[in-house]
Amino acid sequence: MRYATLLIALLACALHPAKAQTPKTPLSEYGAELYIDTSELIDTTAVTVKGSSQGLALWGRYAFSLHDKGQCVVLDMKRRRFVSTFKLDGNDSHCNNASFGAERYSRQSAFPLLYISECRGERACYVTDISTEGARIVQKIVYEGDDCTGPMDWCVDRRQKILYAYCTIDGHRTFRRFALPRLADSDATGTVRLTATDALGDIPVGDITIPQGSAADRRYIYLPDGVPSRGCRMHVVDAATGERLRLIDLNPLEYEPEGLDIKGGWLYLSFHVTGHPERNLIYRFRLKEIRKKAVREK
């Protein structure tokens with residue numbers, strides 16, 4: 001009897017072959033390492049941090065780690081030191097994503113304009129003149145139209161001067177491309193209003209369950225996805241075709257991925273620790289390893 005059972009099982013396997021499983025590349029092969037744990041840098045007896053960490057933007061030696069409801073923590077990435085913290089003037093949004101653009105507010109501005117995703121229902125991007133001591137909104141970009149549904153995130157490819165709106169169109173996660181507006185494009189209220197007719201094209205970016213931050217750099221779009229209870233990963237997508245080139249398993253890190261940015265051959269990805277806003281974990285990955293391994297999955 002047992003031989004008959006074995007024969008049936010073998011026949012079943014032959015008739016219904018198992019789906020091929022995409023091998024999971026260990027994070028160590030991407031050079032993944034914990035670069036900063038802000039709880040080791042911040043004196044919580046003197047500094048209070050509120051709101052979960054969200055967007056992350058890098059410029060020069062500085063990192064700007066944004067928190068829900070508008071707190072900004074500035075870090076010296078070279079010396080791995082806490083620099084300052086302040087409330088973003090006029091911005092109490094979720095600050096879900098942040099990226100630097102190509103234009104500066106004035107010659108006195110130490111940094112380019114920072115594009116911060118509001119992500120509270122307005123589908124707005126707050127264009128911000130920022131320093132290590134404070135910030136103010138100098139332009140507001142909004143999307144008008146019912147074709148994009150749900151929350152809307154924004155990120156900038158500053159090399160190509162493209163503004164991406166990360167949204168849902170016809171049930172599909174999509175990157176909608178726009179020419180990056182200039183400050184001079186604002187109306188009398190300091191607002192730029194974008195519609196579908198302004199779009200340069202759409203890039204469907206695939207099966208993304210819980211979108212987090214986003215970063216665009218040349219031919220690649222990097223998209224963290226998920227929460228620990230439902231699984232976390234990072235998609236690497238071809239910016240021209242929308243084809244997924246790589247899916248990186250982030251589950252071994254055990255925290256929720258948030259904002260990310262690219263600097264000096266590294267991709268820096270921020271994770272928040274539930275219940276501990278003062279503890280922002282910033283991991284880094286070797287960009288050349290991610291790109292080298294960004295081969296099309298079969």
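- In this structure the side chain of Y164 reaches within 4.5 angstrom of the side chain of F175, judged on heavy atoms.
- Side-chain contact between R291 and Y220 is present, with at least one heavy-atom pair separated by less than 4.5 Å.
- A distance-only check finds no donor-acceptor pair linking the side chain of S270 to the backbone of L260 [under 3.5 Å].
- Cluster annotation: L41 and M77 are assigned to the same hydrophobic cluster (Ile/Leu/Val/Met/Phe/Trp/Tyr, side-chain heavy-atom contacts under 4.5 Å, transitive).
- A distance-only check finds no donor-acceptor pair linking the side chain of Q212 to the backbone of L223 [under 3.5 Å].
- Using a 4.5 Å cut-off between side-chain heavy atoms of Ile, Leu, Val, Met, Phe, Trp and Tyr, with links allowed through other members, L66 and V83 fall into the same hydrophobic cluster.
- In summary, D249 and R233 do not engage in a salt bridge, as defined by a charged side-chain N under 4.0 Å from a carboxylate O.
- Y126 and L56 are not part of a single hydrophobic cluster, where members link through side-chain heavy atoms under 4.5 Å apart.
- The shortest distance between side-chain heavy atoms of R284 and L34 does not fall below 4.5 Å.
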side-chain contact (heavy atoms from CB on, under 4.5 Å) assessment of V47 paired with F82: CA-CA 10 Å; V47 175; F82 170 77; 4.0 Å; yes
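- The salt bridge (Lys or Arg N to Asp or Glu O under 4.0 Å) pairs that include a residue from residues 35-52 are D37-R279, where partners are two or more places apart or lie in different chains.
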Residue pair Y115, F100: steps toward the side-chain contact (heavy atoms from CB on, under 4.5 Å) verdict: CA-CA 6 Å; Y115 293 73; F100 281 104; over 6 Å; no
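- With ring centers used as reference points, Y283 lies under 6.0 Å from F271.
- No side-chain donor-acceptor contact under 3.5 Å links T174 to the backbone of R176.
- Summarising the geometry of D157 relative to R218, their closest heavy-atom pair is OD2-N, 3.4 Å, with the distance given to 0.1 Å.
- Residues R182 and E103 are in side-chain contact: their nearest non-hydrogen atoms beyond the backbone lie under 4.5 Å apart.
- Partner of N97 under the side chain to side chain contact (heavy atoms under 4.5 Å, CB included) criterion, out of S117, C125, P224: S117 alone.
- Counting non-hydrogen atoms of neighbouring residues, nucleotides and ligands closer than 6.0 angstrom, the CG atom of D187 exceeds 12 such neighbours.
- Using cut-offs of 30° and 60° for the angle between ring planes, the F178 and W154 rings count as tilted.
- Between Y268 and Y35, the ring center distance clears the sub-6.0 Å criterion.
- Between D217 and R158, no side-chain nitrogen of the basic residue sits less than 4.0 Å from a carboxylate oxygen of the acidic one, so the salt-bridge criterion is not met.
- Between V236 and I221, the closest side-chain pair of non-hydrogen atoms is not below 4.5 Å.
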Verdict with reasoning, D68 to R120, per salt bridge (charged side-chain N to carboxylate O under 4.0 Å, His left out): CA-CA 10 Å; D68 179 45; R120 285 263 190 238; 2.5 Å; yes
V142 and T191: CA distance, side-chain angles, deciding distance, side-chain contact (heavy atoms from CB on, under 4.5 Å) verdict: CA-CA 7 Å; V142 296; T191 304; 4.0 Å; yes
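- The salt bridge (Lys or Arg N to Asp or Glu O under 4.0 Å) analysis of residues 76-102, with sequence neighbours excluded, yields the pairs R61-D76.
- A donor-acceptor pair under 3.5 Å is absent between the side-chain atoms of E289 and the main chain of K292, judged by distance alone.
- Look at R123 and D153 and you find no salt bridge, because none of the NZ, NE, NH1 or NH2 atoms lies under 4.0 Å from a carboxylate O.
- In this structure, the separation between CG on L253 and CG on L27 is 5.0 Å, given to the nearest 0.5 Å.
- For E29, the CD atom counts as densely surrounded, since its 6.0 Å shell holds more than 12 non-hydrogen atoms of other residues, nucleotides or ligands.
- Looking only at side-chain heavy atoms (C-beta outward), I203 and R177 come within less than 4.5 Å of each other.
- The shortest distance between side-chain heavy atoms of V49 and I42 falls below 4.5 Å.
- Side-chain atoms of L245 and R219, non-hydrogen and from C-beta on, do get closer than 4.5 Å to each other.
- Screening L250, I282, D261 for a side chain to side chain contact (heavy atoms under 4.5 Å, CB included) involving L269 leaves a single residue, L250.
- Taking the centre and axis of the six-membered ring of Y143, the NZ or CZ atom of R193 falls outside the cone set by 45° and 6.0 Å.
- Under a 3.5 Å cut-off, the side chain of S99 and the backbone N or O of V156 do form a donor-acceptor pair.
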Worked check of side-chain contact (heavy atoms from CB on, under 4.5 Å) between R107 and S109: CA-CA 6 Å; R107 292 181 180 179; S109 297; over 6 Å; no
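- Of the possible donor and acceptor atoms, none in the side chain of E256 sits under 3.5 Å from a partner among the backbone N and O of D225.
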